[in-house]
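Below: the structure, in C-alpha cells.
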Amino acid sequence: MNRKIILSSVIMVFVFSSSLKAQKFQFGIHAMPLLNYVTTEDQDVETASKLKFGFGLITQYNFTDRYSFATGVDILNRAGDISLRDTTGSYSAGFVNIPILLKMRSNEVGYMTYFAKFGGGLSFKTSEKVEFNPEFDKNKVEELDYYISPLNITFAIGGGVEYNLGGSTSLVAELTYNRSLVDNFSSDNIYLTSDAKYKLDYIALMVGIIF
C-alpha cells in the first residue's frame, strides 16, 4: 500500500478531530470482514464474491444527543471475479476510504443504544493485483497500467448497536451496505464489454470500540 496516502489520511482525521470540543468528540478503532462482489448490467458475465478484511479509525462528532457526524479512515481490501468470453479475471485492490456519514441514535435502553447510518465514502486505491485465467499472451494483448480505477465513490447505508461500558466508552457493531456510484474497472480492458459498467460493491460487518 502507498504509505504516504495512509499517513496523510490519518493525519487529516487527527487534525480535524483536534478542533472539535472534547465533550462532543469521540474516537475509536474497528475491524471488519467485507463480503465483496461485482455488480453489472452485462448479462453475459458470471461473477463471484470474495471475503476480505479491513480495519481503521473512527471519528465521531456528536452535535446533538442523538445525531452525529461520523467519519474516520478505513483500510480496505476489495476483490471480485468476472468470467466473460472464456476468460476469468480475478481482481483485488487495497483502498484508503474516508467515510462521510450521518448517524442517528435511539435513546439508551439498559446499556444498549441502536443506531442507523447513511451517507457515502471517498476511496483512493493504494495497491492492485489482477490475474487472468487463461493468462493473456503479452505479445498479442497490451498490458494496462491499471485495471481497477484509482478513485471510488460509494453510497452507504446501515445500522447497528452500541453497548455502553461506562462513561463515553462503548462497544459497537454494525452492518453496512456499500454501493459504488462509479465504474470501478478500466474501459480499456479488452476482456470486458466496453459499453457496460462493472462495480465493486461490498457488505461490511464492523466491530469496534469508541471512547
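FYI, side chains are in, hydrogens and waters are out, and symmetry mates aren't considered; it's all heavy atoms of this structure. Positions are given from 1, in the same order as the sequence printed here.
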Taking 4.0 angstrom as the limit, do Glu162 and Lys103 come out as a salt bridge?
yes
If we only count heavy atoms from C-beta on, is the Val96 to Ile75 side-chain gap below 4.5 Å?
yes
With under 30° as parallel and over 60° as perpendicular, where do the rings of Phe27 and Phe25 fit, or are they tilted in between?
tilted
Asn97 and Ser123 have their tightest heavy-atom pair at OD1-OG, 2.7 Å
Kindly indicate, with the supporting measurements, whether the criterion side-chain contact (heavy atoms from CB on, under 4.5 Å) is fulfilled by Ile29 and Leu57.
CA-CA 5 Å; Ile29 56 175; Leu57 305 174; 4.0 Å; yes
Heavy atoms, side chains only, cut-off 4.5 Å: are Val45 and Thr47 in contact?
yes
Got Thr59 and Phe69 here, is their nearest side-chain heavy-atom distance under 4.5 Å?
no
Out of curiosity, does Ile100 fall in the hydrophobic cluster containing Leu122 (side-chain heavy atoms, cut-off under 4.5 Å, transitive links)?
yes
Please answer whether the main-chain N or O of Gly167 pairs with a side-chain N or O of Asn164 as donor and acceptor at a distance below 3.5 Å.
yes
Rounded to the nearest 0.5 angstrom, the OG1-CG distance for Thr193 and Leu84 is 5.0 Å
What is the distance from atom CG of Asp195 to atom CG of Asp42, rounded to the nearest 0.5 Å?
8.0 Å
To the nearest 0.5 Å, what is the distance between CG on Leu175 and NZ on Lys117?
12.0 Å
How long is the span from the CG atom in Leu171 to the NE2 atom in His30, to the nearest 0.5 Å?
14.5 Å
Would you check if the side chain of Gln26 reaches a backbone N or O of Ser168 as a donor-acceptor pair within less than 3.5 Å?
yes
Does the side chain of Asn184 reach to within under 4.5 Å of the side chain of Tyr198, using non-hydrogen atoms?
no
How long is the gap from CG on Leu144 to CG on Asp188, to the nearest 0.5 Å?
6.0 Å
Can Asp74 and Met206 be said to form a side-chain contact (heavy atoms from CB on, under 4.5 Å), step by step?
CA-CA 11 Å; Asp74 301 327; Met206 186 271 280; over 6 Å; no
Check: Gly94 main-chain N/O paired with Thr126 side-chain donor or acceptor under 3.5 Å:
yes
Kindly say whether the aromatic ring centers of Tyr191 and Tyr147 come within a distance under 6.0 Å.
no
Between Asp201 (side chain only) and Tyr37 (backbone N and O only), is there a donor and an acceptor less than 3.5 Å apart?
no
Lys197 backbone acceptor or donor facing Glu41 side chain under 3.5 Å
yes
Can you find a heavy atom in the side chain of Tyr91 that is under 4.5 Å from one in the side chain of Phe132?
yes
What verdict does the side-chain contact (heavy atoms from CB on, under 4.5 Å) test give for Asp81 and Val38, after you've listed the backbone C-alpha separation in whole Å, the side-chain angles of each residue and the deciding distance to 0.1 Å?
CA-CA 7 Å; Asp81 288 352; Val38 178; over 6 Å; no
Scanning both residues in full, the closest heavy-atom pair of Arg66 with Asn107 reads CD-OD1, 3.8 Å
In Å, rounded to the nearest 0.5 Å, how long is the span from NZ of Lys125 to OH of Tyr146?
7.5 Å
Please check: side-chain N/O of Asn36 versus main-chain N/O of Ser49, any donor-acceptor pairing under 3.5 Å?
no
Quick one, Phe95 with Ile148, criterion side-chain contact (heavy atoms from CB on, under 4.5 Å). Give me CA distance, side-chain angles, the key distance, then yes/no.
CA-CA 11 Å; Phe95 282 91; Ile148 301 173; 4.1 Å; yes
In terms of hydrophobic clusters joined by side-chain contacts under 4.5 Å, are Leu192 and Ile190 together?
yes
Between the main-chain N or O of Ala156 and the side-chain N or O of Asn178, is there a donor-acceptor pair closer than 3.5 Å?
no
Please check if the number of heavy atoms outside Tyr177 that lie under 6.0 Å from its OH is greater than 12.
yes
Hey, is the main chain of Thr154 close enough, under 3.5 Å, to the side chain of Ser180 for a donor-acceptor pair?
no
Pairwise side-chain contact, Ile98 with Val73, heavy-atom cut-off 4.5 Å (strictly under):
yes
Is a side-chain donor or acceptor of Ser170 paired with a backbone partner of Ile210 at a separation under 3.5 angstrom?
no
Is the backbone of Glu131 close enough, under 3.5 Å, to the side chain of Ser90 for a donor and an acceptor to pair up by distance?
no
When you look at OH of Tyr111, are more than 12 heavy atoms from neighbouring residues, nucleotides or ligands closer to it than 6.0 Å?
no
